[in-house]
There are 2 protein chains.
Amino acid sequence: MPESHPAPQRFPVTVDVVALTVRNGELNVLLITRLIEPYRGKLALPGGFVLAGEDLQEAAGRELAEETGVEHLPGHLEQLGSYGPKGRDPRGDILTVAHLLLAPDFPVLAAGSDAEQAAWYPVRDIQSGELQLAFDHAQILEDALERAKSKLEYSPLGAAFCGEEFTIAQLRAVYEAVWGTRLDPRNFHRKATGTPGFLEETGRMTAGDAGRPAALFRLAPAARPTAGQPTRAVLNPPLMRPRES
Amino acid sequence: MPESHPAPQRFPVTVDVVALTVRNGELNVLLITRLIEPYRGKLALPGGFVLAGEDLQEAAGRELAEETGVEHLPGHLEQLGSYGPKGRDPRGDILTVAHLLLAPDFPVLAAGSDAEQAAWYPVRDIQSGELQLAFDHAQILEDALERAKSKLEYSPLGAAFCGEEFTIAQLRAVYEAVWGTRLDPRNFHRKATGTPGFLEETGRMTAGDAGRPAALFRLAPAARPTAGQPTRAVLNPPLMRPRES
DNA sequence: ACAAAAGTGTTACACTTACACCCATGG
DNA sequence: CCATGGGTGTAAGTGTAACACTTTTGT
């Protein structure tokens with residue numbers, strides 16, 4: 001740390017959130033349409049300035065709540081990394097700390113007419129170039145996807161995309177959407193249920209769907225995030241994502 | 001990002017560097033002795049304020065160069081994560097972006113009398129509580145160690161601790177020091193040399209040491225960091241660290 | 001000759017993969 | 001009864017763990 005006789009440079013600091021969810025078997029990301037310059041009318045990650053007396057995670061949660069209208073966010077929030085401050089915003093040097101939210105599909109509330117409207121967009125549409133993002137947000141999204149993919153291998157956080165209770169098939173759909181691969185349902189079932197400290201049977205079953213009813217599971221206590229201490233539980237051996245050729 | 005009619009809060013931003021190396025088979029970290037308040041006389045991570053027009057990595061490299069007297073840093077530098085800004089510095093809200101340097105053992109030059117003197121300290125001495133760190137630097141160090149441990153599993157970055165050319169035994173010593181475990185020399189040898197895209201034989205051998213001479217290796221081209229693009233090469237399957245019971 | 005460290009072979013076991021097969025429900 | 005998806009069994013293949021053994025140097 002510093003010897004700071006000349007007063008140190010100060011920077012505006014923003015938090016941006018890459019909120020991911022799985023809808024209809026497809027990975028989606030939460031984006032807002034910007035109402036002001038720069039990049040007015042363009043899509044961007046939700047986020048905003050960190051306020052005095054706030055911590056980063058706190059600010060990320062607040063911004064996300066403001067822009068979705070959802071008070072208590074479901075899912076798992078973690079820091080992704082920091083970008084800048086040089087040359088990423090036409091208004092000047094702004095540092096941003098990107099965050100990653102892995103969440104079950106939750107409905108976004110309509111904002112008032114003067115607020116930025118958040119909505120889910122398929123990740124594929126950004127990657128294909130069909131939709132473009134403001135600032136360096138495409139890069140941040142890429143990094144977030146890479147992080148999400150490896151998180152699923154080594155941690156129980158795939159379940160963060162599901163609700164409290166879920167079937168193995170729902171969990172598998174998460175892995176398939178995030179990794180962009182197909183997985184053998186039978187082997188996945190064995191691996192997921194057989195990994196100690198990952199899943200716990202609820203005793204309840206699904207009903208009404210086609211086919212045989214499925215058992216409902218929840219995260220095992222060891223894998224659940226506790227207050228303050230986000231889960232450091234690890235899947236060992238990892239759930240392996242198929243090799244990219 | 002923001003709608004910012006009220007001018008956004010600005011924060012001082014520092015970079016801190018957890019520089020790790022292996023000396024005598026033991027993991028060491030580079031620390032400075034603080035010459036000014038707060039925490040005057042205490043040990044801390046090297047670092048300092050980000051200047052206008054600087055990027056984070058750039059600032060981290062500059063600070064480290066200033067505090068070690070070493071112009072061109074060897075090894076691998078990456079971002080670790082950001083901490084704060086709330087309540088981590090008695091002078092006020094300061095955001096810090098921590099970085100991780102994995103480097104071969106390099107000599108630290110003596111600083112002038114008014115500069116902060118950097119030196120290597122065994123990580124064990126901090127973990128045991130024998131040495132204490134200023135600010136939240138103990139936490140940052142913990143996070144850095146965790147990151148370093150997993151980097152060694154999935155990336156070829158163990159070699160960042162070695163020089164250009166190294167023997168398998170030297171590389172193994174890195175893994176043992178970082179993971180704090182013993183590894184079977186024979187299985188490690190097979191795994192390291194057998195992993196495609198990791199190591200490349202130089203054709204040269206050691207001489208003068210006890211025992212049979214060892215072949216010298218370097219990182220394979222695929223695993224070497226190229227300008228701008230830090231290596232994303234991956235060991236698949238990973239080099240596995242022994243399970244913690 | 002002996003110690004020390006490098007490097008190879010071999011066997012047992014763990015885990016993954018692929019796929020045959022049975023189970024339980026809705027239509 | 002059949003389609004649909006849930007779930008179990010099993011055998012081949014791949015990789016790890018443990019360790020006996022050979023090779024090549026310094027003393």
Side-chain angles (χ1 to χ4, degrees), chain A residues 24-25 152-154 158 162 165-176 179 181-218 234-245, chain B residues 24-25 152-154 158 162 165-176 179 181-218 234-245:
Chain A
N24 318 317
L152 261 57
E153 291 193 357
Y154 310 115
C162 302
E165 301 191 352
F166 48 88
T167 67
I168 302 294
Q170 286 165 1
L171 185 61
R172 177 166 47 84
V174 167
Y175 279 77
E176 292 182 332
W179 287 347
T181 58
R182 305 259 96 195
L183 298 172
D184 185 299
R186 299 155 293 188
N187 291 335
F188 183 86
H189 186 282
R190 215 194 328 265
K191 177 76 187 181
T193 55
T195 298
F198 186 15
L199 299 181
E200 188 178 64
E201 232 166 327
T202 64
R204 304 178 353 103
M205 308 283 281
T206 56
D209 301 340
R212 175 174 167 178
L216 284 166
F217 291 81
R218 58 170 156 260
V234 158
L235 300 189
N236 191 342
L239 263 161
M240 295 218 302
R241 99 175 97 151
R243 275 182 175 70
E244 314 188 7
S245 63
Chain B
N24 318 315
L152 260 56
E153 290 194 358
Y154 311 115
C162 303
E165 301 191 353
F166 48 88
T167 67
I168 302 295
Q170 286 165 1
L171 185 62
R172 177 166 47 83
V174 166
Y175 279 77
E176 293 182 332
W179 286 347
T181 58
R182 303 259 97 194
L183 298 172
D184 185 299
R186 298 154 295 188
N187 290 336
F188 183 86
H189 186 283
R190 214 194 328 265
K191 179 75 187 181
T193 55
T195 298
F198 186 16
L199 299 181
E200 186 178 66
E201 232 167 328
T202 64
R204 305 178 354 103
M205 309 283 280
T206 57
D209 301 340
R212 174 174 168 179
L216 284 166
F217 292 81
R218 59 172 157 258
V234 159
L235 300 188
N236 190 341
L239 262 162
M240 295 219 301
R241 96 174 101 152
R243 276 182 173 71
E244 315 188 7
S245 67

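At whole-Å resolution of the value, CG in B/Leu235 and C1' in D/dT16 are 15 Å apart. Note: CZ (B/Arg241) to P (D/dT16) measures 16 Å, nearest angstrom. Atom C1' of nucleotide D/dG7 and atom CG of A/Asp184 are separated by 12 Å, given to the nearest angstrom. Atom CZ in A/Arg182 sits roughly 16 Å away from atom P in C/dC19 (whole-Å rounding). One atom, CG of B/Leu183, and another, P of D/dA18, lie 11 Å apart when rounded to the nearest Å. Between the CD atom of A/Glu153 and the P atom of C/dT16 there is a distance of 12 Å, given to the nearest Å. Rounding to whole angstrom units, CG of residue A/Leu239 and P of C/dT17 are separated by 10 Å.
Listed nucleotides C/dA6, D/dG7, C/dG7 differ in distance to B/Arg172; the shortest reach to its side chain belongs to C/dA6.
Contact annotation: the side chain of A/Val174 approaches that of A/Leu152 to within less than 4.5 Å [non-hydrogen atoms, C-beta and beyond]. Put simply, the side chain of A/Arg204 reaches to within 4.5 Å of the side chain of A/Leu216, judged on heavy atoms.
The two residues A/Leu171 and A/Gly158 make their nearest non-hydrogen contact at CD1-C, 3.8 Å.
Sorted by first and then second residue, the side-chain hydrogen bond (donor to acceptor under 3.5 Å, both in side chains) pairs involving residues 184-194 of chain B (not counting sequence neighbours) are B/Asp184-B/Arg186, B/Asn187-B/Arg190.
Shown here are the ring pair (Phe, Tyr, Trp, His ring centres under 6.0 Å) partners of A/Phe198, two or more places apart in sequence or in another chain: there are none. For A/Asp209, the salt bridge (Lys or Arg N to Asp or Glu O under 4.0 Å) criterion is met by no residue, not counting sequence neighbours. In this structure, the salt bridge (Lys or Arg N to Asp or Glu O under 4.0 Å) partners of B/Glu176, at least two apart in sequence or on a different chain, are B/Arg172, B/Arg182.
Applying a 4.0 Å cut-off to non-hydrogen atoms, the residues of residues 204-214 of chain B that approach DNA chain C are B/Ala210, B/Gly211, B/Arg212, B/Pro213, B/Ala214, listed by residue number.
Between C/dT16 and A/Lys191, a contact under 4.0 Å exists linking OP1 or OP2 to a side-chain N or O.
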Would you tabulate the nitrogen or oxygen pairs shorter than 3.5 Å linking the protein to nucleotides 8-11 of chain D?
{"unit_1": "D/dG9", "atom_1": "N7", "unit_2": "A/Arg190", "atom_2": "NH1", "d": "3.1"}
{"unit_1": "D/dG9", "atom_1": "O6", "unit_2": "A/Arg190", "atom_2": "NH2", "d": "3.0"}
{"unit_1": "D/dT10", "atom_1": "O4", "unit_2": "A/Arg190", "atom_2": "NH2", "d": "3.3"}

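For A/Phe188 and A/Tyr175, the distance between ring centers is under 6.0 angstrom.
Looking at A/Thr167, its side chain never comes within 3.5 Å of a backbone N or O of A/Ala214 through a donor-acceptor pair.
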